[in-house]
Number of protein chains: 2
Amino acid sequence: MKRKITLKQIAKELDVSISTVSKALRNSPEISDDTKQKVQAFAKLYNYRPNNIALSLKNRKTNTIGIIIPEIVHHFFSKVIRGVETVANNRGYNVIIGLSNESFSKEVINMEMLANGSIDGFILSISKETQQLQDFHHFNETMSQGMPIVMFDRVVSEINCDKVIVDDLNGAKNAVEKLIQNGCESIALITTKDYVSVGKLRTQGYLEALQEHKMVPKAQLILKIDDTFDFESHLDMLENEIEQLFTSNKDIDGVFAVNELYALSAMKVARKLGLDIPNDVQVIGFTDGVLSKHATPGLTTVSQHAEQMGERAADLLIDKLEKEYDTEEESFQTIVIATDLVERESTK
Amino acid sequence: MKRKITLKQIAKELDVSISTVSKALRNSPEISDDTKQKVQAFAKLYNYRPNNIALSLKNRKTNTIGIIIPEIVHHFFSKVIRGVETVANNRGYNVIIGLSNESFSKEVINMEMLANGSIDGFILSISKETQQLQDFHHFNETMSQGMPIVMFDRVVSEINCDKVIVDDLNGAKNAVEKLIQNGCESIALITTKDYVSVGKLRTQGYLEALQEHKMVPKAQLILKIDDTFDFESHLDMLENEIEQLFTSNKDIDGVFAVNELYALSAMKVARKLGLDIPNDVQVIGFTDGVLSKHATPGLTTVSQHAEQMGERAADLLIDKLEKEYDTEEESFQTIVIATDLVERESTK
DNA sequence: TTTTAACACGAAAACGTTTTCGTGATTTTC
DNA sequence: GAAAATCACGAAAACGTTTTCGTGTTAAAA
């Protein structure tokens with residue numbers, strides 16, 4: 001169990017100074033060819049690699065970016081990570097992850113841990129609890145220490161930083177318009193409580209689509225789910241709520257749901273009530289995840305291009321990290337990723 | 001944009017030495033109460049936190065563990081990461097991820113990058129390509145440098161290290177026995193080519209179950225899929241193969257598939273051929289992912305307890321990292337995680 | 001009053017790099 | 001043959017910590 005070899009050891013072994021070894025390995029013209037060859041051969045033999053930590057300390061740059069997300073067992077977030085990872089690795093960066101588990105305090109603690117030198121910048125999506133509490137001091141503190149932040153998907157207007165967001169409003173609007181064009185006249189919306197920014201925007205898209213087609217939104221067609229519950233383990237509660245929606249509104253012929261799970265549950269409930277999809281009810285969801293694709297019937301859904309979001313976020317962050325100090329005035333941009341409607345069998 | 005404050009700056013500001021500041025903050029008895037209070041108050045005011053990189057360099061310990069997995073957009077691996085993350089954070093470690101994308105060279109490069117000081121040890125699952133190539137030198141090299149490795153799920157017997165594996169054989173066996181008990185007499189197997197270690201073991205479990213019940217395995221009932229294709233984007237090819245299996249074996253009344261996707265595809269094809277699930281054909285899959293739960297009918301499946309695997313792996317690694325040097329002789333253990341059969345509507 | 005002990009603090013090394021600057025030896029130039 | 005230039009290398013600082021070992025000052029013991 002030999003330790004990794006260091007410059008010092010090579011220097012000692014070859015009876016030269018540490019500086020000489022370092023320079024020889026970096027092919028400095030200061031060093032004679034003789035010495036270079038000797039050193040390089042030795043280094044290769046012992047498989048020398050510079051110690052990253054020492055480099056980070058010296059350069060005050062870790063070449064690592066930190067991702068903070070609310071949850072990793074989630075198709076959307078995994079895809080974003082993958083996008084970040086691709087770009088980061090191509091540009092010579094590592095990725096370190098922290099999970100907030102939708103908790104404010106875990107988000108804060110995780111950020112504090114990573115901010116103490118471990119990383120050069122953050123890519124993050126805000127936890128639900130943070131969105132509720134509206135406490136954003138940790139973001140401001142991090143940024144005031146010169147550590148850039150890029151937010152994605154769940155962003156917050158109070159913080160001035162680079163952002164990558166989905167065009168939730170238009171994504172939802174297009175989906176609902178599709179239902180209208182397909183002949184739906186009584187379109188239900190299954191969404192979340194308003195503090196979830198994306199839920200709010202998608203709700204707004206639903207309303208705008210109706211208005212533009214002179215349709216009057218009815219309150220009893222809008223179901224706002226309290227998603228602080230973990231519905232993965234309480235599916236029945238979710239389904240009960242949806243069943244109530246259907247039974248008290250027999251005329252529903254279209255459903256727009258703000259995520260996959262709600263959409264799938266709606267399909268399940270509809271089938272249970274003897275309704276055929278898509279002939280009696282057409283359904284569109286949000287997020288083109290694995291559930292939509294493999295559902296039966298396949299779920300028509302709004303694709304967010306999660307991987308692309310990760311890529312853009314990573315590029316944004318690394319650009320900022322590597323930008324020279326020439327322009328001192330900070331400028332932040334918000335990238336809006338357009339959505340696509342992926343049509344499957346749950347619509348006509 | 002002020003930089004993070006350092007000991008040196010505090011020392012200068014308070015006109016004491018760096019050593020004094022350091023000791024004061026760690027409550028050393030060497031320092032007078034007066035000075036301690038002064039220093040601690042100042043540090044708190046400026047929100048001082050020790051620089052992790054400097055600590056890592058000094059202690060030759062990063063308190064970070066590296067995970068290398070083939071793919072992150074995958075329910076099983078995400079769950080493992082979550083398990084690792086939970087334990088790691090509780091025990092004061094960070095988690096850094098690398099994706100091999102099922103590629104040998106990316107696995108090697110990723111490991112080399114992280115091994116140069118960034119992390120204290122690895123938790124990994126081997127890429128398919130590595131399994132095919134049977135080239136494991138990078139694992140040996142890493143370990144010979146004193147960096148411990150814990151492998152999970154896709155392990156390899158040639159390497160001596162801690163391992164956490166699923167009891168694939170018995171998981172599969174139990175599943176097939178369930179089908180037999182439920183009255184199935186012609187049970188098909190949908191599996192992968194043999195170089196995927198877990199596929200091989202699950203196939204073996206299938207065979208053993210049949211043998212123990214005096215049933216003769218028939219070659220034409222076993223479908224070995226070449227999973228170097230990305231079936232997420234070529235679902236139709238997969239479904240064609242399965243359809244052939246059904247049409248040339250009209251008597252199939254049970255299907256055991258070694259993953260969720262194969263199982264779902266089998267259900268889809270069966271339904272298309274007019275077969276009722278579970279009355280005409282019963283289906284069991286492997287991996288209790290999101291697909292099984294939300295499929296219609298719900299898929300009976302073998303649960304691997306991915307999160308628990310991650311937790312055990314993390315504990316194993318950190319135990320090794322923190323073990324005193326007392327017992328010099330290395331000892332490695334293999335933890336076998338038992339599976340559960342989660343019964344849903346795809347079986348009687 | 002002298003010796004010893006306790007106290008409170010600082011200097012310096014170490015972790016592994018890179019880089020600036022200096023310097024002795026050789027070579028070139030006039 | 002003296003001055004200048006080139007060459008090849010080493011010493012040391014710096015990044016931010018922690019920790020060991022001194023050391024000067026004061027208080028207690030003789």
Side-chain angles (χ1 to χ4, degrees), chain A residues 2-40 42-43 46-64 113 115-120 145-147, chain B residues 2-40 42-43 46-64 113 115-120 145-147:
Chain A
K2 55 195 174 189
R3 282 221 155 275
K4 292 221 71 169
I5 197 166
T6 68
L7 287 187
K8 192 195 277 196
Q9 292 170 46
I10 300 183
K12 194 172 178 184
E13 211 67 34
L14 264 45
D15 212 41
V16 291
S17 77
I18 296 180
S19 344
T20 304
V21 177
S22 175
K23 289 171 189 163
L25 291 175
R26 329 199 100 247
N27 251 313
S28 157
E30 277 185 62
I31 305 296
S32 71
D33 288 350
D34 257 17
T35 313
K36 272 188 201 169
Q37 295 204 352
K38 192 175 57 174
V39 172
Q40 290 176 358
F42 191 91
Y46 283 89
N47 199 28
Y48 170 80
R49 295 276 184 286
N51 180 302
N52 280 331
I53 294 291
L55 285 179
S56 298
L57 183 59
K58 175 131 192 48
N59 302 331
R60 296 152 133 198
K61 176 119 175 42
T62 63
N63 272 325
T64 301
M113 279 203 63
N116 295 320
S118 304
I119 63 166
D120 296 334
Q145 283 167 169
M147 179 159 300
Chain B
K2 55 192 176 194
R3 281 222 158 276
K4 291 221 70 167
I5 196 166
T6 68
L7 287 187
K8 192 195 276 196
Q9 293 169 45
I10 301 183
K12 192 171 178 185
E13 212 68 33
L14 264 46
D15 212 41
V16 292
S17 76
I18 296 180
S19 344
T20 303
V21 177
S22 175
K23 290 172 189 163
L25 291 175
R26 330 197 99 249
N27 251 313
S28 158
E30 276 185 65
I31 305 298
S32 71
D33 288 350
D34 258 16
T35 314
K36 273 189 203 170
Q37 295 204 350
K38 191 175 58 174
V39 172
Q40 290 176 357
F42 191 91
Y46 283 88
N47 199 29
Y48 170 79
R49 295 277 184 284
N51 180 303
N52 281 330
I53 294 289
L55 285 179
S56 297
L57 183 59
K58 173 130 193 49
N59 302 330
R60 294 149 135 204
K61 177 123 175 40
T62 63
N63 272 305
T64 301
M113 279 204 62
N116 296 320
S118 304
I119 63 165
D120 297 334
Q145 282 168 172
M147 180 159 301

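Chain letters run A, B, ... following the sequence lines, proteins first and then strands; every chain starts at 1.
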Any side-chain to backbone donor/acceptor pair from [X] onto [Y]? Under 3.5 Å, distance only.
X        : Y        : value
B:Asn116 : A:Asn51  : no
B:Thr64  : B:Thr62  : yes
B:Asn52  : A:Met113 : yes
A:Glu30  : A:Lys23  : no

Among [options], which nucleotide has an atom closest to any side-chain atom of [X]?
X       : options                : result
A:Lys23 : D:dT17, D:dC15, D:dC9  : D:dC9
A:Thr6  : D:dT17, C:dT19, C:dT17 : C:dT17
B:Ser32 : D:dG10, C:dA8, C:dG16  : C:dA8
A:Ile18 : C:dA8, D:dG16, C:dT18  : C:dT18
A:Ser22 : C:dT19, D:dT17, C:dA11 : C:dT19
B:Thr20 : D:dC15, D:dA11, C:dC9  : C:dC9
B:Leu55 : C:dT18, D:dT17, D:dT20 : D:dT17
A:Arg26 : D:dA11, C:dT18, C:dC15 : C:dT18

To the nearest Å, give me how far apart [atom1] ([X]) and [atom2] ([N]) are.
X        : N      : atom1 : atom2 : answer
B:Tyr48  : D:dG16 : OH    : P     : 10 Å
A:Leu25  : C:dG16 : CG    : P     : 16 Å
A:Asn52  : C:dT18 : CG    : C1'   : 14 Å
B:Arg49  : D:dG16 : CZ    : P     : 17 Å
A:Ile31  : C:dT20 : CD1   : P     : 14 Å
B:Lys12  : D:dG16 : NZ    : C1'   : 16 Å
A:Arg60  : C:dT19 : CZ    : P     : 15 Å
B:Asn116 : C:dC15 : CG    : P     : 18 Å

B:Thr35 side-chain N/O to C:dC9 phosphate OP1/OP2 under 4.0 Å: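 Checking C:dC9 against B:Thr35, a side-chain N or O does come within under 4.0 Å of OP1 or OP2.
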
Short side-chain N/O contact from A:Lys8 to OP1 or OP2 of C:dC15, under 4.0 Å: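 Checking A:Lys8 against C:dC15: at least one side-chain N or O falls below 4.0 Å of OP1 or OP2.
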
Sole candidate of B:Thr20, B:Leu14, B:Asp15 that passes side-chain contact (heavy atoms from CB on, under 4.5 Å) when paired with B:Ser17: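 The side-chain contact (heavy atoms from CB on, under 4.5 Å) with B:Ser17 is passed solely by B:Thr20 among B:Thr20, B:Leu14, B:Asp15.
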
Shortest non-hydrogen separation from B:Gln40 to B:Ala24 and the atoms involved: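 Shortest heavy-atom separation between B:Gln40 and B:Ala24 comes out as NE2-O, 2.9 Å.
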
Residue closer to the 5' end of DNA chain D, B:Ala54 versus B:Glu30 (nearest nucleotide):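 The residue mapped nearer the 5' terminus is B:Ala54.
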
Donor-acceptor pair present, A:Ser17 side chain and D:dA11 base, under 3.5 Å: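 Absent.
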
Closest-nucleotide 5' rank along DNA chain C - winner of B:Leu57 and B:Asp15: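 That would be B:Asp15.
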
